[in-house]
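Only one structure is covered here, and it is reproduced in the block below.
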Amino acid sequence: MNILVVIPGSGNPDHIKENLDLFGFELTEDEMEQITMLDRGEKHDWY
């Protein structure tokens, strides 16, 4: 099993704070439905 980790980088303190705020948002039901519609049932080796 491979694990992919994304590390955002920035030298700007404001951007660093924004990058650390991982849970500072909520998705609406409509947004969740749109994300669900993206699933085409495909499987890939990279996840």
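Residue numbers count from 1 along this sequence. Basis for what follows: all heavy atoms, side chains included, without hydrogens, waters or symmetry-related copies. All values reported here derive from a predicted model rather than from experimental measurement.
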>> Using the side chain to side chain contact (heavy atoms under 4.5 Å, CB included) criterion, which residues pair with D14? Sequence neighbours excluded.
In response: N12
>> Which Ile, Leu, Val, Met, Phe, Trp or Tyr residues join I35 in one cluster when any pair of side-chain heavy atoms under 4.5 Å counts as a link?
In response: F25, L27, M32
> For the residue pair S10 and I16, what are the closest heavy atoms and their distance?
Replying inline: O-CD1, 3.4 Å
>> Restricting to side chain to side chain contact (heavy atoms under 4.5 Å, CB included), what partner residues turn up for T28, sequence neighbours left out?
In response: D30, E31
